[in-house]
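Note: hydrogens, waters and symmetry copies are ignored here, and every other heavy atom, side chains too, is used.
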Amino acid sequence: MARPVRIRRRAPRAATARRRAVAVAVVMVALAPACTRPAPSPPAAPPPSFPASAPAATSPGPGLVVLTDVDPRIRTDIRYATAHNFVGRPVAGYPEPLCLLTRRAAEALRRVQDAALARARSLKVYDCYRPQRAADDFVEWARQPGEQRMKAEFYPRVAKSELFDEGYVGAPTAHSRGSTLDLTLVDVPTPTQPPYAPGRPLVSCTAAKGQRFPDNGVDMGTGFDCFDPLAHTDSPQVTGVARDNRRLLRQLMTDGGFVNYDREWWHYRYRDEPWPDTYFDLPVARSSAEPVGG
């Protein structure tokens, strides 16, 4: 008997090709997440950090006096009570244009004035005691990146976002302890100083003395509150008369018991300050001061 013949049917080539294509597609889909997953995004940059407010003082009052009551010979030009400063408006906590200092610092400054007058120079102060609310005002201003109306004069070469990190603005500040001040020297007799007119064209504080705001102080190489490396007390770029004037101011102040902050030629702290760890928030006003004879 003849054996039956088994017939094996081969799938048409086209069907086989389709099956293979499907199989390959399945494998590719399975591998796709591993092969085509996008690279993870870099972590978001942390938001800018700003100094925290100093804790409220719990000690007795700082014993502030009005400097001109102690020594009326010292000139004053209290910039933060005006619009001529790096924020472009009066600063919180300055209802009156006064220099307040602890009695100890004010009396030391009177002795420095005696030494300056012996050289035909006088001291002129720009800022003295600064309430904590003013330092907080600076922090709030720093949180507004678009508010840069005074940049062209006070920080033309430094980004606003770097002012705290670079040490040009601080919070809390030694000024709030009552024995730190910003000052310069003026000739005797002292030339008059034109008033600041808001809206006038701004000129960089690093410009030559005859070009920047006409401050009646002697040439110190930059204007006051100039947030720039050129304002560092020992900047090698400052030479000649300006360098000599900075050195004279430092000599007078150091001999009088004050210490300079090396990033600002105008900034001095009384070494023997009575409140080295306390920050006060009294407004800059006569009502915050004690009588000189008291």
Side-chain angles (χ1 to χ4, degrees), residues 64-82 84-85 94 96-130 174-175 178-196 205 208-226 231 233-234 238 240-262 264-273 284 286 289 292-293:
L64 300 173
V65 294
V66 177
L67 178 62
T68 51
D69 290 348
V70 175
D71 192 337
R73 303 170 300 173
I74 298 176
R75 279 63 163 169
T76 61
D77 183 5
I78 310 301
R79 294 286 185 86
Y80 296 151
T82 75
H84 190 207
N85 56 62
Y94 284 81
E96 298 178 48
L98 297 173
C99 170
L100 303 184
L101 288 173
T102 60
R103 187 182 300 266
R104 191 181 300 175
E107 291 174 349
L109 202 63
R110 177 172 56 190
R111 294 189 289 272
V112 176
Q113 175 73 346
D114 290 337
L117 290 173
R119 294 173 176 260
R121 296 286 176 82
S122 171
L123 304 178
K124 183 178 89 163
V125 296
Y126 296 111
D127 190 40
C128 301
Y129 160 74
R130 182 185 307 164
H175 281 274
S179 298
T180 295
L181 69 156
D182 299 331
L183 78 169
T184 191
L185 295 170
V186 296
D187 289 323
V188 177
T190 304
T192 58
Q193 178 174 298
Y196 172 73
C205 57
K209 180 172 173 58
Q211 299 173 14
R212 61 181 183 262
F213 176 78
D215 189 305
N216 60 3
V218 300
D219 186 9
M220 291 289 188
T222 75
F224 164 64
D225 255 4
C226 186
T233 307
D234 289 321
V238 176
V241 172
R243 178 190 57 196
D244 294 342
N245 287 332
R246 290 187 185 188
R247 289 179 175 176
L248 175 58
L249 178 61
R250 184 165 57 184
Q251 177 188 338
L252 292 168
M253 295 296 286
T254 301
D255 290 349
F258 291 83
V259 180
N260 174 244
Y261 174 50
D262 62 1
E264 298 175 345
W265 58 257
W266 56 82
H267 180 115
Y268 285 85
R269 173 184 59 82
Y270 186 53
R271 184 182 295 109
D272 191 24
E273 59 180 313
V284 177
R286 185 166 286 277
V292 169

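Under the salt bridge (charged side-chain N to carboxylate O under 4.0 Å, His left out) criterion, Asp187 pairs with Arg121, sequence neighbours left out. When the salt bridge (charged side-chain N to carboxylate O under 4.0 Å, His left out) test is applied to Asp114, the partners found at least two apart in sequence or on another chain are Arg73.
Arg75 places no side-chain N or O within 3.5 Å of a backbone atom of Ser122 that could act as its donor or acceptor partner. In terms of modelled atom types and a separation under 3.5 Å, the side chain of Gln113 and the main chain of Leu123 share a donor-acceptor contact. Under the 3.5 Å distance criterion, the side-chain polar atoms of Lys209 are left unmatched by any main-chain donor or acceptor of Gly223. With Gln193 contributing its side chain and Asn216 its backbone, the two residues share a donor-acceptor pair below 3.5 Å. Between the side chain of Asp219 and the backbone N or O of Ala242, no donor-acceptor pair lies under 3.5 Å. The backbone N or O of Gln251 sits nowhere less than 3.5 Å from a side-chain atom of Thr254 that would complete a donor-acceptor pair. Under a 3.5 Å cut-off, the side chain of Arg103 and the backbone N or O of Val292 do form a donor-acceptor pair.
Between Thr102 and Leu64, the closest heavy-atom pair is N-CD2, 3.7 Å. Looking at every heavy atom in both residues, Tyr270 comes nearest to Gly256 through CE1-O, 3.9 Å. The shortest non-hydrogen separation linking Leu101 to Tyr129 is CD2-N, 4.3 Å. Contact between Met220 and Val238 at its shortest, heavy atoms only, is O-CG1, 4.4 Å. Between Thr184 and Leu249, the closest heavy-atom pair is CA-CD2, 4.3 Å. For the residue pair Ser179 and Phe258, the shortest heavy atom distance occurs at O-CE2, 4.4 Å.
Atom OG1 of residue Thr233 and atom CH2 of residue Trp266 lie 8.5 Å apart, to the nearest 0.5 angstrom. Once rounded to the nearest 0.5 Å, the distance linking OG1 of Thr76 with CG of Leu183 reads 12.0 Å. Atoms CZ and OH, on Arg79 and Tyr94 in that order, are 13.0 Å from each other to the nearest 0.5 Å. Separation of atoms CG (Leu252) and CG (Leu185) is listed at 6.5 Å; rounding is to 0.5 Å. Note that CG of Asp71 and CG of Leu109 are 7.5 Å apart. Values are rounded to the nearest 0.5 Å. Going from atom CH2 of Trp265 over to atom SG of Cys226 covers 9.5 Å, rounded to the nearest 0.5 Å.
Looking at heavy atoms from C-beta onward, Val284 lies out of side-chain contact with Arg130 at the 4.5 angstrom threshold. Met253 places none of its side-chain heavy atoms less than 4.5 Å from the side chain of Asn260. Using a 4.5 Å heavy-atom threshold, the side chains of Val66 and Leu100 count as touching. In this structure, the side chains of Val186 and Val218 stay at 4.5 Å or more apart for every pair of heavy atoms. For the pair Ile74 and Arg110, the minimum side-chain heavy-atom distance is 4.5 Å or more.
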*asked:* Between Asp262 and His267, does the side-chain hydrogen bond (donor to acceptor under 3.5 Å, both in side chains) criterion hold? Intermediate values first, please.
replied: CA-CA 8 Å; Asp262 62 1; His267 180 115; over 6 Å; no
*Does the pair Asp77 and Val125 meet the rule for a side chain to side chain contact (heavy atoms under 4.5 Å, CB included), with working shown?*
CA-CA 6 Å; Asp77 183 5; Val125 296; over 6 Å; no
*Given Ile78 and Cys99, is the side chain to side chain contact (heavy atoms under 4.5 Å, CB included) satisfied, shown in steps?*
CA-CA 7 Å; Ile78 310 301; Cys99 170; 4.1 Å; yes
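For the pair Asp272 and Arg104, the salt-bridge criterion is met [side-chain N within less than 4.0 Å of a carboxylate O]. Of the charged side-chain nitrogens involved, at least one lies within less than 4.0 Å of a carboxylate oxygen, so that Glu273 and Arg269 count as a salt-bridged pair.
By the 30° and 60° cut-offs, the orientation of the rings of Tyr126 relative to Phe224 is parallel. The aromatic rings of His84 and Tyr196 sit parallel, their planes meeting at an angle under 30°, below the 60° perpendicular limit.
The salt bridge (charged side-chain N to carboxylate O under 4.0 Å, His left out) analysis of residues 243-257, with sequence neighbours excluded, yields the pairs Asp234-Arg250.
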